[in-house]
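First up is the structure itself, then whatever we jot down about it.
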Amino acid sequence: MRIAVPNKGRLHDPTIDVLERAGLHVADGADRKLYAETVDPEVTVLFVRAADIPEYVADGAADVGITGLDQVREAGVDLHDLLDLGYGTCRLVLAAPEKSAVESVDDLAGGTVATEFPNVARDFFAERGIDPAIVEVSGATELTPHVDVADAIIDITSTGTTLAVNNLAIVEEVLQSSVRLVARPDVADDPKVEEVATALASVISADDKRYLMMNVPTDRLDDVREVIPGLGGPTVMDIAGDDAVAVHAVVDEDDVFTTINDVKGMGASDVLVTEIERLVE
Ligand SMILES: Nc1ncnc2c1ncn2[C@@H]1O[C@H](COP(=O)(O)OP(=O)(O)OP(=O)(O)O)[C@@H](O)[C@H]1O
Ligand SMILES: O=P(O)(O)OC[C@H]1O[C@H](OP(=O)(O)OP(=O)(O)O)[C@H](O)[C@@H]1O
Ligand SMILES: [Mg+2]
């Protein structure tokens, strides 16, 4: 099976990282290599531009791909969205100069919009019933409204810094994007594809969970159970020759602070909190 992953840009490192954490060690994924073997002899990684990944998967050059939803939409190909990997979060927005006549989508009727995402742009305006001219650019999109190339842009924003320094204001959101694991429909149910999806999902599930370990006086165990929802309840083990039990549980990261305070109040001691590498539910 072949997985297409971003060869450079901001998505490269986090993608290699998530594959590694999923146990799919990428052999010698050095710069400028076009493909690499993984620890699984059946899985090969292809390094491709983020924008080209949907086409590679749709055409069968790769079976699954990891890239931004914005790129999948722009390619207009029919792929199964198997998993949201949670990074590369950004928005595609329609934006115009702060001091311009463009204040709503309708103001662009008869106007011009510059973008690296012409297909997403056309779909967006078609749905809104207007048909502005679309100018395709390959970068520095934020400059175009200031040099009379366009009245507005559709571009990526995350922190908003680039729009702000270029005196551009958001007119409307076009798409929310994050990095996805996508598959060609005919291989989406393939056991190997499911294995990879499960392994990647286990990393994502573990990210916002923590493993709690503690010793609890035996007579307070029922109280402790009440405050630790855990994953199917906590694991309880006897401690030889002691009036206490060891309790292990998986808890949401957001609940760790409260849970520790609660169990301390119930006499728990030696509380340990650790990160979880993977969680296969
Ligand atoms: N500022 C951002 N914040 C979050 N995600 C982003 C941001 N910019 C881009 N992305 C996501 O990363 C994907 C690839 O963008 P990136 O800039 O890494 O690639 P590129 O533009 O093809 O590469 P490069 O900029 O190195 O030429 C985008 O399609 C989008 O999904
Ligand atoms: O809202 P912000 O946090 O400012 O991020 C938005 C910017 O990030 C991306 O550019 P990138 O840094 O990838 O440069 P590029 O244009 O060379 O791709 C995107 O094209 C925007 O310009
Ligand atoms: Mg970029």
Side-chain angles (χ1 to χ4, degrees), residues 3-19 26 29-35 45-59 61-62 64-77 79-98 113-124 134-147 149-183 200 204 207:
I3 310 180
V5 307
N7 62 347
K8 61 188 180 78
R10 72 183 65 230
L11 301 185
H12 175 77
D13 287 351
T15 302
I16 297 298
D17 185 53
V18 79
L19 287 171
V26 180
D31 278 354
R32 314 242 159 246
K33 264 193 92 169
L34 301 180
Y35 70 94
V45 168
L46 300 185
F47 295 109
V48 181
R49 283 190 54 221
D52 293 336
I53 289 175
E55 294 284 5
Y56 266 66
V57 178
D59 292 350
V64 298
I66 298 179
T67 193
L69 178 66
D70 53 343
Q71 301 295 355
V72 179
R73 288 288 163 78
E74 177 58 22
V77 289
L79 299 178
H80 280 212
D81 190 343
L82 299 183
L83 185 66
D84 186 342
L85 292 164
Y87 57 94
T89 53
C90 56
R91 299 189 297 154
L92 273 183
V93 295
L94 175 66
E98 282 155 7
V113 176
T115 184
E116 287 184 51
F117 297 86
N119 295 323
V120 172
R122 278 187 204 102
D123 289 349
F124 174 75
I134 305 293
V135 175
E136 182 172 355
V137 293
S138 58
T141 316
E142 291 92 346
L143 180 68
T144 58
H146 300 296
V147 290
V149 171
D151 303 305
I153 63 170
I154 288 183
D155 201 14
I156 291 170
T157 183
S158 58
T159 63
T161 310
T162 311
L163 291 178
V165 300
N166 288 290
N167 301 312
L168 296 165
I170 294 176
V171 176
E172 205 163 297
E173 181 179 292
V174 175
L175 176 73
Q176 287 192 2
S177 182
S178 58
V179 171
R180 308 297 167 94
L181 174 70
V182 291
L200 290 169
I204 310 305
D207 266 347

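Atom set for the values below is all heavy atoms of this structure, side chains included, hydrogens, waters and symmetry mates excluded. Numbering of ligands and ligand atoms starts at 1, following listing order.
Counting the atoms of ligand 1 from 1 in the order shown, those under 4.0 Å from a heavy atom of G68 are 31 (O). Residue contact check: G88 has heavy atoms under 4.0 Å from atoms 5 (N) of ligand 1. Distances below 4.0 Å separate heavy atoms of I156 from the following atoms of ligand 1: 7 (C), 8 (N), 9 (C), 28 (C), 30 (C).
If you take CD1 on I156 and OG1 on T115, they are separated by 8.5 Å, rounding to the nearest 0.5 Å. Separation of atoms CD1 (I154) and CG (D70) is listed at 12.5 Å; rounding is to 0.5 Å. Separation of atoms CG (L200) and CD1 (I3) is listed at 7.0 Å; rounding is to 0.5 Å.
A pairwise comparison of heavy atoms in E98 and A169 identifies CG-CB, 4.0 Å as the closest pair. Taking each heavy atom of P97 and L168 in turn, the nearest pair found is N-CD2, 3.5 Å. The two residues I66 and P6 come nearest to each other via the heavy atoms O-CD, 3.2 Å. The shortest non-hydrogen separation linking I53 to G65 is CG2-CA, 3.8 Å. In this structure, V179 and D84 approach most closely via the heavy-atom pair O-OD1, 3.5 Å.
Proximity annotation for atom 22 (O) of ligand 1: of E116, R49, R10, H12, R49 comes nearest, heavy atoms only. The closest non-hydrogen atom to atom 29 (O) of ligand 1, taken over E74, R91, Q71, R180, comes from Q71.
Residue contacts with ligand 1 for T67 are absent, since no atom lies close enough (heavy atoms, distance under 4.0 Å).
Looking at S158, its side chain never comes within 3.5 Å of a backbone N or O of C90 through a donor-acceptor pair. Proximity of a side-chain donor or acceptor of N166 to a complementary backbone N or O of T162 within less than 3.5 Å is detected.
For the side-chain contact (heavy atoms from CB on, under 4.5 Å) with E142, the qualifying choice from D155, T157, N167, V137 is D155, the only one to do so.
With respect to atom 27 (O) of ligand 1, the closest heavy atom belonging to the protein is K8 NZ, 3.6 Å. Distance from atom 28 (C) of ligand 1 to its nearest protein heavy atom, with residue and atom name: D70 OD2, 3.3 Å. In terms of protein heavy-atom proximity, atom 3 (N) of ligand 1 is nearest to S158 OG, 3.1 Å. Protein heavy atom at the shortest distance from atom 23 (O) of ligand 1 is G9 CA, 4.1 Å.
Around ligand 2 you find R10, E142, D155, I156, T157, S158, T159, G160, T161, T162, each with a heavy-atom distance below 4.0 Å.
Closer than 4.0 Å to atom 12 (O) of ligand 1 lies at least one heavy atom of the protein. Note that atom 31 (O) of ligand 1 has protein non-hydrogen atoms nearby, at separations under 4.0 angstrom. Under the 4.0 angstrom criterion, atom 5 (N) of ligand 1 counts as having a protein heavy-atom contact.
Applying the 6.0 Å contact sphere to OH of Y56 captures no more than 12 heavy atoms from other residues, nucleotides or ligands.
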